[in-house]
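Everything below concerns the one structure shown next.
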Amino acid sequence: MEVIMKKKNLGKVFALYPTPDTVIGTVVDGKVNWLNIAHLGVVGMDRIMLSLSKNHFSNKGIRENKTASVNLVSKDMLIEADYVGMVSGKNTDKSQVFDYFSGQLDNAPLIEKSKISMECRLVDIYETEKEDNFILEVVNTYVDEDILNTSGKIDYSKAKPLLFEMTNQSYLETGKKVGDAWSEGKKY
């Protein structure tokens, strides 16, 4: 059934926000570097993509080392995470902002304070005019044990990762379950 449109056309607005807020860990010129990004996504069931402006200092580390970490941001990391997105590693040493540990991959520092951290290996780069889109394979995922459910899976209502919302340039907190996937539709 056709209806009369009651929506306002905003034009060319990229409206897939909010997205998870993350801090990317790299090593550039032998030094740990952090970058706050929320332009990322899932590429199939075996890859993720980080979309970084070509001018980011972290791009050099990902290209050279072919590794990076992806650390989900929680409310208790907000100040530090926002800071590492505001200053460039070209001009500012950000190596001491977070305590970190190493997993199995070299040059992919993982943030101790992050409840969920993934160490990743570079698989491919898809370049656009303004962005380097790094396609990564998740090699290992490290989580705080207190956010696991009784089945040993991540309980995001406990992890409460922050989301970044571009239109209003704000961070949002997650945590409330509103339904069960592949179940709610049965009520239709």
Side-chain angles (χ1 to χ4, degrees), residues 12-26 33-54 56 58-59 61-63 65-75 77-78 81-82 84-85 98 103-105 107-111 113-144 147-149 151-186:
K12 188 178 177 179
V13 173
F14 188 70
L16 290 179
Y17 291 97
T19 56
D21 189 39
T22 66
V23 172
I24 306 307
T26 59
N33 189 63
W34 308 108
L35 175 64
N36 185 353
I37 72 157
H39 302 142
L40 69 160
V42 175
V43 181
M45 293 300 290
D46 59 349
R47 304 282 189 265
I48 61 174
M49 182 182 69
L50 310 177
S51 185
L52 279 65
S53 176
K54 286 188 178 288
H56 282 304
S58 292
N59 298 24
I62 297 171
R63 284 180 182 277
N65 301 310
K66 306 206 177 332
T67 59
S69 69
V70 178
N71 304 272
L72 272 70
V73 174
S74 55
K75 190 174 179 180
M77 298 171 57
L78 180 57
D82 196 49
V84 300
F98 293 104
Q104 294 180 357
L105 296 179
N107 301 311
L110 299 142
I111 297 175
K113 201 173 192 179
S114 178
K115 294 176 183 357
I116 304 168
S117 298
M118 296 171 279
E119 60 180 340
C120 303
R121 179 179 296 117
L122 180 65
V123 174
D124 199 1
I125 303 172
Y126 174 75
E127 293 188 50
T128 61
E129 184 179 318
K130 298 179 182 179
E131 307 286 323
D132 286 333
N133 298 284
F134 297 102
I135 310 299
L136 305 173
E137 170 191 12
V138 176
V139 175
N140 290 299
T141 302
Y142 301 88
V143 302
D144 287 358
I147 65 164
L148 298 176
N149 64 22
S151 300
K153 295 182 180 179
I154 298 169
D155 182 339
Y156 287 92
S157 67
K158 292 179 183 177
K160 296 184 180 180
L162 293 185
L163 301 175
F164 172 74
E165 189 268 312
M166 182 67 136
T167 306
N168 297 297
Q169 298 178 346
S170 58
Y171 296 104
L172 307 171
E173 190 172 22
T174 61
K176 182 180 176 186
K177 180 179 174 179
V178 296
D180 293 309
W182 298 285
S183 179
E184 299 299 322
K186 294 176 183 174

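Given the structure is predicted, the values throughout are model-derived calculations rather than measurements.
Partners of I125 according to the side chain to side chain contact (heavy atoms under 4.5 Å, CB included) rule, which considers only residues two or more places apart in sequence or in another chain, are R63, L122, E127, F134. Here Q169 pairs with nothing under the side chain to side chain contact (heavy atoms under 4.5 Å, CB included) rule; sequence neighbours left out. Residues passing the side-chain hydrogen bond (donor to acceptor under 3.5 Å, both in side chains) test with T67, sequence neighbours excluded: none. Residues satisfying the side chain to side chain contact (heavy atoms under 4.5 Å, CB included) test with S183, not counting sequence neighbours, are D180. Residues satisfying the ring pair (Phe, Tyr, Trp, His ring centres under 6.0 Å) test with H56, not counting sequence neighbours, are none. With sequence neighbours excluded, the residues forming a side-chain hydrogen bond (donor to acceptor under 3.5 Å, both in side chains) with N33 are S58, listed by chain and number. E184 is linked by a side-chain hydrogen bond (donor to acceptor under 3.5 Å, both in side chains) to K187, counting only residues two or more places apart in sequence or in another chain. Contacts of E131 classified as side-chain hydrogen bond (donor to acceptor under 3.5 Å, both in side chains), with partners at least two apart in sequence or in another chain: S51.
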Quiz: residues 34-45 side-chain donor-acceptor pairs under 3.5 angstrom, not counting sequence neighbours:
unit_1 : atom_1 : unit_2 : atom_2 : d
W34    : NE1    : K94    : O      : 3.3
N36    : ND2    : A81    : O      : 2.9
N36    : ND2    : Y171   : OH     : 3.3
H39    : NE2    : Y17    : OH     : 2.7

Can you give me every donor-acceptor pair (side chain of residues 135-143, partner residue at least two apart or in another chain, under 3.5 Å) with its distance?
unit_1 : atom_1 : unit_2 : atom_2 : d
N140   : ND2    : Q104   : OE1    : 3.2
N140   : ND2    : E119   : OE2    : 2.9
Y142   : OH     : E119   : OE2    : 2.7

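Of the candidates T22, V70, N71, S117 forms a side-chain contact (heavy atoms from CB on, under 4.5 Å) with just one, namely N71.
Sorted by first and then second residue, the salt bridge (charged side-chain N to carboxylate O under 4.0 Å, His left out) pairs involving residues 155-166 (not counting sequence neighbours) form an empty list.
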